[in-house]
Amino acid sequence: MEQKSKYNPSEVEQKWYAYWLKNKCFHSEPDNREPYTIVIPPPNVTGILHMGHVLNNTLNDVLIRKARMEGKNACWVPGTDHASIATENKVVAKLAAQGIRKEDLTREEFLKHAWAWKEEHGGIILEQLRKLGASCDWDRTRFTMEPELSKAVIATFCHFYRKGWIYRGVRMVNWDPVALTAISDDEVIHRDTRSHFYHLKYYISDGKGNPTDQYLVIATTRPETIMADAAICVNPADERYHCLRGKKVLIPLINREIPVIEDDYVEMDFGTGCLKVTPAHDAHDYEIGLRHNLPVLDIIDDRGRLNADAQILVGEDRFDARKKIAKMLEDAGNLLKVEEYTSPVGYSERTDAVIEPKLSAQWFLKMDDLAARALEAVESGRIHFIPDKYRNVYRHWMENVRDWCISRQLWWGQRIPAWYLPDGGVVVAETAEEALAQAQQQNPSLKAEDLHQDEDVLDTWFSSWLWPISVFDPEQPGHPEHKAGADLSYYYPTSDLVTGPDIIFFWVARMIMAGDEFMHDVPFRNVYFTGIVRDKLGRKMSKTLGNSPNPLDLIEKYGADAVRIGMLLCSSAGNDILYDEAQVEQGRNFCGKIWNAWRLVSGWNVDEKAEQGEVSRAAVKWFDNLLSRSIGTVADHYAKFRISDALMTIYKLFWDDFCSWYLELVKPGYGAAIDRATFDATVDFFSKLLKLIHPVMPFITEELWQGMEERRDGESIMFERTPVAGPVDEPYLSAFDDLRALVVNVRGVRAQKGLSPKEELALNIEGAFREELLPVLMRAANLSSVEFAAPEGPAVSFIVGTVKASVKLEGLVDAGEERKKLEADLEHQRRFLAGVRAKLSNEKFVSGAPAAVVEGERKKEADALARIAALEASLSKL
RNA sequence: GGGCGCAUAGCUCAGCUGGUUUAGAGCACCUGCCUUACAAGCAGGGGGUCGGCGGUUCGAAUCCGUCUGCGCCCACCA
């Protein structure tokens with residue numbers, strides 16, 4: 001076939017992706033083959049493709065394509081996540097830009113806007129994945145908020161509620177005053193933050209609400225919360241403050257009287273040893289308050305502003321209030337000093353707002369039992385983490401996990417299926433009808449309108465933890481005794497999961513829990529953790545830094561295969577990826593190399609009558625063996641999830657071995673034809689190489705494979721079998737390596753002496769050389785003759801292994817220079833020999849080391865002696 | 001504060017159970033080549049006291065201790 005001189009990725013990619021789709025090449029149905037399943041880590045439905053997605057999905061696609069070529073029934077299920085907080089934030093922002101405020105809308109109106117947004121932006125990212133070559137089974141595309149999957153989430157809630165593991169309670173939660181919702185502990189990011197440590201005087205009361213002239217000092221970072229103080233607390237062992245027992249103090253500015261109490265929680269040597277206890281605005285203080293029966297006074301509203309109960313600074317934002325109250329305290333003489341202070345502060349993962357500890361009624365899921373089982377699944381080795389170090393991280397979290405706050409004060413998500421009764425009771429059911437029926441059992445006179453459904457929705461992860469189950473059978477979650485559907489029982493457990501370590505707790509751990517609860521089995525066998533994609537300076541990719549390339553632009557510029565290679569080249573499991581466009585260029589160059597290699601081979605004319613020459617015969621034998629060995633190496637790398645090592649093995653095999661050595665050896669002279677045997681072998685090699693490359697570079701391999709011969713419609717390289725390794729003649733390969741070393745040395749001599757590669761040289765070899773490789777040596781090194789004897793006359797010598805070789809060079813040998821070189825080499829060999837002999841003369845080594853190692857050292861000694869003799873002989877000739 | 005991990009060539013990383021002659025790769029770099037597949041290429045080349053110190057061992061990049069410097073996870077000492 002006529003091949004264009006340059007590879008045009010975008011044209012080829014469009015053509016073959018359309019072809020794969022048209023022929024449903026990615027679609028999978030259960031059959032009698034072994035399944036290989038991956039569920040995509042569902043990207044946010046309104047998200048757009050970034051470099052992290054490229055890395056993750058490239059790895060997934062490599063795995064799925066490899067499995068497919070191993071004859072497995074490969075199924076990669078795509079889909080998106082409704083991402084409740086992120087999406088709701090986006091919709092709120094978009095509405096705000098149009099002058100619409102969320103609080104002016106009803107829930108139904110808001111959800112209409114949200115769904116409209118989802119319809120408009122949802123799935124863009126899945127379209128983008130196609131550009132990358134992702135071989136997802138698009139017929140199976142799922143969305144976590146589609147009706148069936150939402151039903152699964154609700155059923156799950158009811159299941160755990162019936163089990164008594166879901167409960168509603170007033171707890172101190174992490175309140176996000178921007179998103180206006182509680183969030184789970186995992187969504188809080190602690191960062192050391194510079195602030196101030198305010199030392200405040202609290203005057204001791206005379207018992208009638210009037211200050212005495214005595215005071216104590218507390219240190220706080222949050223002076224704006226003093227109005228909510230319920231007590232001052234000291235350590236009972238702190239003798240400094242025993243005089244305060246039974247006393248009361250007055251809160252500055254508002255002069256409210258509060259008691260002094262004692263609790264072990266207070267550290268004597270931290271701050272002043274006096275702690276102001278503010279139960280409504282600090283989790284520890286809340287605990288103290290419970291122990292001492294203190295009142296809870298909440299003075300901060302949902303948006304982080306002081307409310308009327310604060311008495312002063314009402315309506316002020318908490319940070320403005322902090323500045324203002326500091327001034328007020330100073331004016332009132334209560335501010336003793338202000339220190340610079342750095343302490344960890346919790347921020348919302350989504351909005352970056354400073355978290356406000358807030359007492360509120362939320363739904364929780366009991367975690368202890370689920371966590372214990374999920375820990376066992378990993379500790380027992382039923383699930384394997386790559387790299388292994390994440391087991392430690394996982395164990396630590398599992399052993400310290402707290403109950404999961406699953407309610408969110410949002411609208412975008414699955415609404416909690418709890419209905420409140422007029423008498424304050426609650427019923428939980430999968431539907432409103434069932435809830436009413438349940439309620440009527442308690443009180444037959446109740447009507448539908450008497451029931452009020454909980455306003456909150458469920459945490460997004462409360463739906464994504466079902467993903468590996470619900471994509472195959474949404475009936476299963478919530479109904480562990482349900483008979484799994486055909487797809488679920490065939491595809492579950494999935495095989496491998498590729499994801500980032502940042503969601504090991506959010507998602508990975510919880511999928512393991514849900515898997516155990518509803519399937520009594522693990523959700524996947526292996527979890528491959530990628531790193532974070534950074535720029536080449538090691539900085540995180542971010543919009544503000546502008547250091548994040550648009551993957552689609554890269555694909556447009558370099559081609560999808562090149563982008564995939566660029567990502568894979570620098571990715572080892574668990575390590576951050578330092579992305580550099582140079583790597584994508586390298587990928588593009590590799591495409592060019594493959595393309596041009598086929599241009600060469602496909603342009604050859606075959607002479608049916610020609611005999612196969614000795615050089616070609618030897619080259620074919622060599623590459624056949626090398627290919628076999630490399631197939632084994634690649635398989636081993638893949639088995640250990642060393643994807644970039646597998647790629648590098650293939651890369652070097654194709655470029656260095658196949659192109660630079662094999663093709664150069666067999667390629668016919670200008671205008672000459674090639675013999676049939678060599679041509680067929682070469683095409684066979686090429687075809688095997690393409691199959692080996694296909695999982696990492698699907699497009700160019702399909703293009704060339706399709707062009708190699710007539711293919712039937714629907715036939716694709718992706719259904720070909722991975723080449724299988726034959727027996728490997730190791731001695732032959734190693735003899736060929738020696739030959740290559742000789743050739744490189746001869747070329748080196750040419751380069752040094754400024755001789756043209758076209759100029760034939762005469763070589764002398766002293767030592768053993770494999771006879772059948774002689775023609776190869778002569779061709780590759782462009783030799784006129786090879787003589788197995790010491791050279792007569794001036795020559796440049798070098799040593800390969802234990803073979804000494806000399807290039808005869810009349811008039812070009814500088815005896816002095818040559819002597820210097822040989823002497824340096826000799827010196828080096830003598831030192832080496834001395835080292836080896838020191839070992840061998842050490843009685844402890846000879847008796848202590850394994851026989852094979854001692855034998856190895858003896859061989860080294862003999863080889864060194866041989867080399868020294870050869871070098872000395874050359875020197876004496878000079 | 002607790003835990004985990006990392007440190008090998010200019011850069012990114014391999015180096016698996018301690019022993020493969022002088023510790024490897026890719027990229028970058030230097031030199032020479034527009035050789036009829038490919039200059040996005042070809043041929044050749046230079047470059048590392050394996051973070052410091054101490055220990056175990058016949059033998060350490062590899063095992064142990066310690067120090068230094070990074071990274072990550074967990075953690076509400078106000």
Side-chain angles (χ1 to χ4, degrees), chain A residues 3 5-7 172 174 188 190 197 218-222 233 265-267 269-272 274-278 282-285 343-346 355 357 387 389-394 396-397 400 501-502 504-505 532 536 538 569-570 572 574-578 580 582-583 585-586 588-603 640 642 644-645 648 651-652 659-660 663-664 667 669-671 744 747-752 754 756-758 801-802 828-829 831-833 835-836 838-839 842-850 852-854 856-857 859-861 863-864 867:
Chain A
Q3 198 185 354
S5 66
K6 278 234 190 297
Y7 177 55
M172 197 56 98
N174 308 296
V188 179
H190 293 276
F197 216 17
I218 61 101
T220 181
T221 52
R222 300 201 61 187
C233 190
Y265 168 76
V266 179
E267 299 280 338
D269 52 4
F270 186 83
T272 62
C274 292
L275 169 71
K276 75 184 204 58
V277 182
T278 319
D282 183 282
H284 274 140
D285 290 9
S343 63
V345 172
I355 291 303
K389 64 178 176 183
Y390 284 108
R391 254 184 30 192
N392 291 325
V393 180
Y394 180 81
H396 186 260
W397 189 77
N400 295 286
D502 50 330
I504 183 170
F505 310 129
I532 296 166
K536 60 180 166 183
L569 273 174
C570 56
S572 52
N575 284 352
D576 283 357
I577 311 305
L578 296 205
D580 187 346
Q583 288 154 327
E585 285 178 29
Q586 195 181 344
R588 175 203 54 190
N589 295 352
F590 190 38
C591 286
K593 191 68 186 179
I594 298 170
W595 186 256
N596 282 303
W598 181 247
R599 277 213 314 145
L600 173 70
V601 173
S602 62
K640 291 168 181 156
R642 296 183 189 160
S644 49
D645 288 344
M648 192 43 66
Y651 179 89
K652 286 191 288 189
C659 293
S660 297
L663 288 181
E664 290 301 331
K667 104 175 161 191
Y670 183 62
V744 166
R747 287 174 183 165
V749 170
R750 270 206 185 82
Q752 253 172 43
S756 158
K758 287 175 184 158
T802 57
H828 181 86
Q829 293 300 338
R831 266 209 305 268
F832 176 72
L833 178 66
V836 173
K839 256 190 198 179
N842 182 332
E843 182 46 40
K844 282 184 180 169
F845 172 71
V846 179
S847 58
V853 174
V854 177
E857 292 299 315
K859 171 101 177 17
K860 286 184 200 172
E861 183 188 28
D863 289 355
R867 284 194 298 269

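We use all heavy atoms of the structure for the numbers below, so side chains are in, but hydrogens, waters and symmetry mates are not. Keep in mind that this is a model prediction, so the values were computed, not measured. Sequence lines set the chain letters: A, B, ... in the order given, protein chains first and strands last, and positions in each chain run from 1.
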Inset, instruction - With C1' as the reference atom in both, quote the distance from B/U8 to B/C13 in angstrom, rounded to an integer. - result: 9 Å
Inset, instruction - Quick one: label A/Val393 by what it contacts on the DNA or RNA (base, sugar-phosphate, nothing), any heavy atom closer than 4.0 Å. - result: sugar-phosphate
Inset, instruction - Rounded to whole angstrom, note down the C1' distance from B/C63 over to B/U56. - result: 8 Å
Legend entry - Contact summary for A/Val393 and A/Phe505, nearest pair of heavy atoms: CG1-CZ, 3.5 Å
Legend entry - Base-contact (B) and sugar-phosphate-only (S) positions in nucleotides 36-51 of chain B, heavy-atom cut-off under 4.0 Å, - elsewhere: BBB-BSSSSS------
Inset, instruction - Considering only atom P, compute the distance from B/G18 to B/C58 and round it to an integer number of Å. - result: 15 Å
Legend entry - A/Val601 side chain reached by A/Leu663 side chain, heavy atoms, under 4.5 Å: yes
Legend entry - Separation of the C1' atoms in B/G24 and B/C16, to the nearest angstrom: 15 Å
Inset, instruction - Using the closest heavy atom to pick a nucleotide of RNA chain B for each, name whichever of A/Pro357 or A/Leu569 lands nearer the 5' end. - result: A/Leu569
Inset, instruction - Check the angle between the aromatic planes of A/Trp595 and A/Tyr7 and answer parallel, tilted or perpendicular using the 30° and 60° thresholds. - result: tilted
Legend entry - Over all atoms of both residues, closest heavy-atom pair of A/Gln829 and A/Arg867: OE1-NE, 3.0 Å
Which pairs, protein N/O on one side and nucleotides 55-63 of chain B N/O on the other, fall under 3.5 Å?
{"residue": "B/C58", "atom": "O2'", "partner": "A/Asn842", "partner atom": "ND2", "Å": "3.0"}

Inset, instruction - Write down the distance between OH (A/Tyr394) and C1' (B/G3), rounded to a whole number of angstrom. - result: 18 Å
Legend entry - Among B/C77, B/A25, B/C16, the nucleotide that comes nearest once only the side chain of A/Arg642 is considered: B/C16
Inset, instruction - Tell me, with the steps shown, if A/His190 and A/Val345 meet side-chain contact (heavy atoms from CB on, under 4.5 Å). - result: CA-CA 5 Å; A/His190 293 276; A/Val345 172; over 6 Å; no
Legend entry - Rounded interatomic separation in angstrom, taking CG from A/Leu578 and P from B/U12: 6 Å
Legend entry - Euclidean distance for C1', B/U20 against B/G44 (whole angstrom): 26 Å
Inset, instruction - Mind calculating the distance between OH (A/Tyr390) and C1' (B/C74) to the nearest angstrom? - result: 14 Å
Inset, instruction - Using the C1' atoms only, state how far B/U17 lies from B/C77, rounded to an integer number of Å. - result: 47 Å
Inset, instruction - Whole angstrom is fine here: how far is it from OH in A/Tyr265 over to C1' in B/C77? - result: 6 Å
Legend entry - Value in whole Å for how far the P atom of B/G3 lies from NE2 of A/His396: 9 Å
Inset, instruction - May I ask you to verify if any side-chain N or O of A/Tyr651 is less than 4.0 angstrom from the OP1 or OP2 atom of B/A25? - result: no
Inset, instruction - Please name the pair of heavy atoms, one in A/Thr272 and one in A/Ala219, separated by the smallest distance, quoted to 0.1 Å. - result: OG1-N, 4.0 Å
Inset, instruction - Return the minimal non-hydrogen interatomic distance between A/Asn596 and A/Ser5, and the atom names on each side. - result: OD1-O, 3.9 Å
Inset, instruction - Under 4.0 Å between any heavy atoms, over every strand shown, what does A/Leu275 touch: base, sugar-phosphate, or nothing? Just pick one. - result: base
Inset, instruction - Would you indicate what A/Arg867 reaches in the nucleic acid, counting non-hydrogen atoms under 4.0 angstrom: base, sugar-phosphate, or nothing? - result: base
Inset, instruction - Convert the base pairs of RNA chain B into dot-bracket notation, remembering that pairs crossing earlier ones are written with [ ] and that bases paired across to another strand are shown as |; include only Watson-Crick or G-U pairs under 3.5 Å. - result: (((((((..((((.....[....)))).(((((.......))))).....(((((..]....))))))))))))....
Inset, instruction - Tell me what A/Glu843 touches on the nucleic acid: a base, only sugar-phosphate, or nothing, going by heavy atoms under 4.0 Å. - result: nothing
Legend entry - B/U21 versus B/U36 - spacing of their P atoms, nearest Å: 39 Å
Inset, instruction - Taking all heavy atoms of A/Ile218 and all of A/Cys274, pick out the closest pair and write down the distance. - result: CG2-CB, 3.6 Å
Legend entry - Sugar-phosphate, base or nothing in reach of A/Gln586, heavy atoms under 4.0 Å: sugar-phosphate
Pairs: protein N or O with nucleotides 28-34 of chain B N or O, under 3.5 Å:
none

Legend entry - Nearest-Å distance once atom P is located in both B/C27 and B/G41: 9 Å
Between the protein and nucleotides 5-8 of chain B, which nitrogen or oxygen pairs are less than 3.5 angstrom apart?
none

Inset, instruction - For the pair A/Val854 and A/Phe845, evaluate side-chain contact (heavy atoms from CB on, under 4.5 Å) and give the outcome as yes or no after the intermediate values. - result: CA-CA 8 Å; A/Val854 177; A/Phe845 172 71; 4.1 Å; yes
Legend entry - Distance in angstrom units between A/Asp269 CG and B/A78 P, rounded: 13 Å
Legend entry - Atom pair CG (A/Leu275) and CG (A/Asp285), whose distance is rounded to the nearest 0.5 Å: 5.5 Å
Inset, instruction - Report the residues that fulfil salt bridge (charged side-chain N to carboxylate O under 4.0 Å, His left out) with A/Glu857, sequence neighbours left out, ordered by chain and then residue number. - result: A/Lys839, A/Lys860
Legend entry - Worked verdict on A/Asn589 versus A/Lys593 for side-chain contact (heavy atoms from CB on, under 4.5 Å): CA-CA 6 Å; A/Asn589 295 352; A/Lys593 191 68 186 179; over 6 Å; no
Inset, instruction - Quick one: label A/Ala219 by what it contacts on the DNA or RNA (base, sugar-phosphate, nothing), any heavy atom closer than 4.0 Å. - result: base
Inset, instruction - For A/Asp576 and B/C13, give me the distance from atom CG to atom C1', rounded to whole Å. - result: 13 Å
Legend entry - Interatomic distance, A/Glu857 CD vs B/U20 P [rounded to whole Å]: 8 Å
Legend entry - Heavy-atom closest contact (A/Val188 atom, A/Gly346 atom, distance): CG1-CA, 3.7 Å
Inset, instruction - Consider the side chain of A/Lys860, meaning its heavy atoms from C-beta on, and name the nucleotide among B/A78, B/U20, B/C16 that approaches it most closely. - result: B/U20
